[in-house]
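Note that this is a predicted model, so its numbers are computed, not measured. Remember, it's 1-based here, ligands and their atoms both numbered in the order they're listed. Only this structure's heavy atoms are used, side chains among them; waters, hydrogens and symmetry mates stay out.
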Amino acid sequence: MIENSMFEEEPDVVDLAKDSAAFPTFPALDPDEVVYEPRSSRLLVRGLGENDMDEDDEDCESSARLLGMSFMNRSSAHRSSSFPYTRQAPPRSCSRPSARTTIVCVLFLVIVASMSMVLYFLPGCTFTKAGCRKTNKTTPFEPVYPLSTNGKLFPWAQFRLPRSVRPVNYDLTLNPDLNNMTFTGRTVITMSVLHNTKIIVLHSAHLNITKATFKLGDQETRDVTILEYQTRQQIAVQLSEEMKAGQYCVLTLDYSASLSHTYDGFYNSSYIDKDGNKRVLAATQFEPLSARKAFPCFDEPAFKATFLVKISRKPNYMTLSNMPQAKSTPLPNGLMQDEFEKTSVNMSTYLVAFIVADFTPISKNVSETLVSVYSVPEKKEHTDYALDTASKLLEFYNSFFEINYPLKKLDLVAIPDFLAGAMENWGLITFRETTLLVGNQSSPLEKQLVASVIAHELAHQWFGNLVTMSWWNDLWLNEGFATYMQYMSLQTVFPTLDIGNLFLAVRFRALDKDALNSSHAVSTEVNNPEQVEEMFDSVSYEKGASILMMLNTWLPGKQQFRKGIIQYLKQFSGLNTDTDDLWNSLTQVSVSAQHHNVSEMMRSWTSQKGFPLVTVSRKGGQVNLTQEHFLLTSDKATYTSSLWNIPVTYVTDNCSLGPECIQMFNLKTKSGTLELPESVKWLKLNYRNTGFYIVHYGDEGWAALKDALSSNVHVLTQEDRASLIHNIFALSRLGRVPFNSVLNLLKYMSNETESCPVTEALLQLNVIYRLLDKRQEDSLVARMKQYILYRFGSLMDKQTWGEEESVSKQELRSALLGSACSLNRENCIQQAKARFKDYDESNGTLRIPGDLQPVVFTVAAQSNKDWETLLHMYQTVTHDAEKRQMLRGLASTQDARRIVWILKAALRGDIIQTQELPLVISTVCNGFTGYLFAWDFIQENWDRLIEKFPLGSYAIQTIIKSATSQFSTQAHLDRVQGFFSSLKERGSQMRSVQEALETIRLNQRWMDKNLPTLQKWL
Ligand SMILES: [Zn+2]
């Protein structure tokens, strides 16, 4: 899976038009909206700073209430100060089972004890108190079985399924009814008994099981009772006799259910066709835990089996599944039943997929595989690029992995309603329309996005589908690898897409996240659904990819890494693995006399959270390197003794640009010394930022690098320059260098012309600008604006507005012009307005280059009339990438009523699809007017949000981060803390909440420390 927006950089737009004093009259968008004349956006914020509310409070609050929002909830109940900073320890007593369960547990103590004795000694079974982690290993087991829905004891008390029975094959029959949004199904599971047992436990969620039969070996088929424990989405069959290891059995379950109204399980989706008619369809999204919502199954990645799928449909619809269609049979009720070939491979349940829709395909044969791209009929002309790209990448992977893609067909399908970016279902990859469909006229940057997502999902057909992690704790084996292969394959197959800059930027963001105390180890224990969802984050994806890149750079020759992963894929083909299996494969393959113990090195990167800070101190030719945990929240309480095995690379002024200049030093201990010739003027560690660490050069080291860059920027690669900029901002945030040193280094920027250093510097400065802005440090905001324009003004003015073929030039100009316009630079605003006018008047014949659309639409959205025009365009445009940029523009408005309208519309999902809500919220939060509205909106609508997006999911992570990352006062901290702690089991334990609180504290600390410096130096 690739999460949507994970690969997109932060929007650069800061806070356009915040100086506009009055709000224009707002045309009625929705008759239900309350007529409201906001006094001023500034007013709404006053009173929320350190000094709390003043006499304007009542006005502020009533204004917000008029908008149907709570404003900042000031009730004392929400001001809990007891919310702990770190993730709360599991409670001593069980919180998951209800009080009723507890009472029953006491009453049935004797039964439970005797039953547990029997079950405990079954192989592969251990029982702990339901819902609790073992807090003390010396305490004897306290088995407590939950109650089934029918009041009987449920015979299993763990989150993970027992290992005594394993599925071999599923026969799935599905009958969706798209008129009534329901479906019926029959699942026939053939199982093999691995250990003697009397129970079969599997998953089922929201399925109404109407009939269950069971057959053991050659015995007669008989009816059985299904026990269900809804809290864990488990069902069980309890047999009177024991099944013996080696026997086979068959469980047949008939059931009915509703099609899901969210984005997971077997869900309904719709779109409006070119004639204005609503067309409905049904599609699936099972990763990580939703296959159980479509059919009863052993829904853990290690339970691989084969699948045979049959789906009925109306004659004017088509169906797709993982395998090619085998036959199509008319049914007596006038419907058709499509049957697909049985899967030729064993697969995990989360990779099963089926679709009922009226899509049209284009196809092409690649080696032995028929590759097709499907879309709604009117978007067929936007599928060519995807087909061509997928075909080339499939050929690349077939040869790179030396294992051919194992299925006869590969479908790539654009689904109108889709939450993630894309999902790698084996043979049937599903995408958002924006990540698969591009027009021939689309800019290289838009094509880069589509190619990246296709490259990622195709890599999963090997990493994830063929070889799968045993459990979600090692999700990085899927996602880190697919992310790394995505960049590596594009660099080889499509070098003009210039993917390297994007990969560098996402590595910087992964470092930023991993510097928090609330981060987690790449390979981390997960014990509940929320924790499974939370694994889909930048640590699994981008940090995973970064450490693989670091390893590849460290291993000798170009082939050892590739040979190691080929060996890994061949050895574990069709099986499940954990992290050590990968390291062992990479260690076993040796292409040089020098033995590299990959396991020894890499375990230090996957088993502990965070990354090292390497500090350099130099005396003549002696360079001392020390390492410590780079932890932004570091005090005595959080001191860690973590050590990493760091493959340090470095270059010096003698040779600094090409790969032949790289020198290596392995830093395994707390400190180490390397020797340089005395004549070296400076050294730069972490060549091209291919290692996952940050470097501090000390005052002299930084001064030498700054001097070198001031006289000639080209003494270092652009990646190295960007790496210095990223590192010095991070060190300032850590408190190791004064902010003045950051500004000193940035002095060389006047000569900088390359995309990576400029975009990184602008991004970092924008973060500070936004914080100052939200704190209403008006004079500093003005000076920061002047500073950015002074440093980058001439470069901004040099940018062109026409079509641009080079991706890196597009990246550079979209960052520069985005900043210029957001800082109200006059010529930028004029140009953007003129482009929008031409575009509007061209009646669809003119196109704004893709990279400039965010700038142009954002500027347009600040005008009353153009916002309306843009909204009309949004509702009619068929080009999906453009549509998304229009939405970004619409959400950047500083008009309070429009902000409220757009938030509500995205939650409703009619004019704006709900899948776009995270984007809408993050864009609204960038602006001065919107960020408090967004925070109120989230509090007001929390329950609806977690109904749409699962707790812990990437969408929820994004929403929380967007809404809170710009707070920097104690008052805000208290309110955020109060709100989340009041949620209890509805989200208070999420890692993203800990991250949000930690970030606010860090913002607060940074402000306290640096405001005086900024006053002095800006
Ligand atoms: Zn993925």
Side-chain angles (χ1 to χ4, degrees), residues 1-8 263-264 284-291 301 322 347-353 386 389-390 393-394 397 401 405 410 412-415 418-432 434-436 449-469 471-490 499 502-503 506-507 509-510 522-523 526 532-549 565 569 576-577 579 582 950 952-955 957-958:
M1 187 152 67
I2 192 162
E3 298 288 359
N4 198 58
S5 83
M6 201 167 237
F7 37 80
E8 291 175 358
Y263 296 101
D264 61 340
T284 56
Q285 166 62 42
F286 291 161
E287 192 180 24
L289 306 173
S290 296
N322 305 81
M347 43 184 230
S348 306
T349 44
Y350 79 90
L351 292 169
V352 176
T389 305
L393 286 166
L394 184 63
Y397 285 134
F401 295 133
Y405 171 77
L410 174 64
L412 296 89
V413 187
I415 311 268
F418 196 79
L419 184 60
M423 174 64 210
E424 69 266 22
N425 316 302
W426 216 342
L428 181 58
I429 310 177
T430 44
F431 295 77
R432 266 191 185 211
T434 46
T435 54
L436 190 66
L449 169 74
V450 168
S452 296
V453 178
I454 294 176
H456 180 101
E457 302 309 332
L458 280 190
H460 271 312
Q461 307 299 308
W462 288 262
F463 280 99
N465 299 11
L466 192 62
V467 181
T468 316
M469 75 262 142
W471 179 240
W472 302 106
N473 65 321
D474 279 328
L475 177 67
W476 87 275
L477 283 175
N478 274 14
E479 298 302 350
F481 245 110
T483 305
Y484 183 48
M485 289 311 302
Q486 154 194 353
Y487 293 110
M488 192 205 250
S489 63
L490 288 191
I499 197 71
L502 180 62
F503 190 26
V506 299
R507 297 203 302 276
R509 302 293 76 78
V522 167
S523 189
V526 289
V532 172
E533 293 281 354
E534 283 183 324
M535 289 305 282
F536 293 80
D537 71 355
S538 70
V539 172
S540 296
Y541 285 71
E542 277 91 23
K543 184 180 180 182
S546 303
I547 62 174
L548 289 170
M549 181 192 211
I565 57 176
L569 287 172
N576 294 81
T577 55
T579 299
L582 174 67
S953 64
Y954 193 74
Q957 293 172 35
T958 307

Partner residues of Asn473 under the side-chain contact (heavy atoms from CB on, under 4.5 Å) criterion, sequence neighbours left out = Trp471, Ser523, Val526
key: Side-chain (Glu479) to main-chain (Met1) donor-acceptor, under 3.5 angstrom   = yes
ask   = Can an N, O or S atom be found in Glu457 less than 2.8 Å away from the Zn ion (ligand 1)?
value = no
ask   = Can you name the N, O or S atom of Glu479 that is closest to the Zn ion (ligand 1)?
value = OE1
key: Contact flag Met1/the Zn ion (ligand 1), N/O/S atoms, threshold under 2.8 Å   = yes
query = Checking side chain to side chain contact (heavy atoms under 4.5 Å, CB included) against Glu457, which of Asn425, Ile429, Leu393 comes through?
reply = Ile429
key: Min side-chain heavy-atom separation Met423-Tyr350 under 4.5 Å   = yes
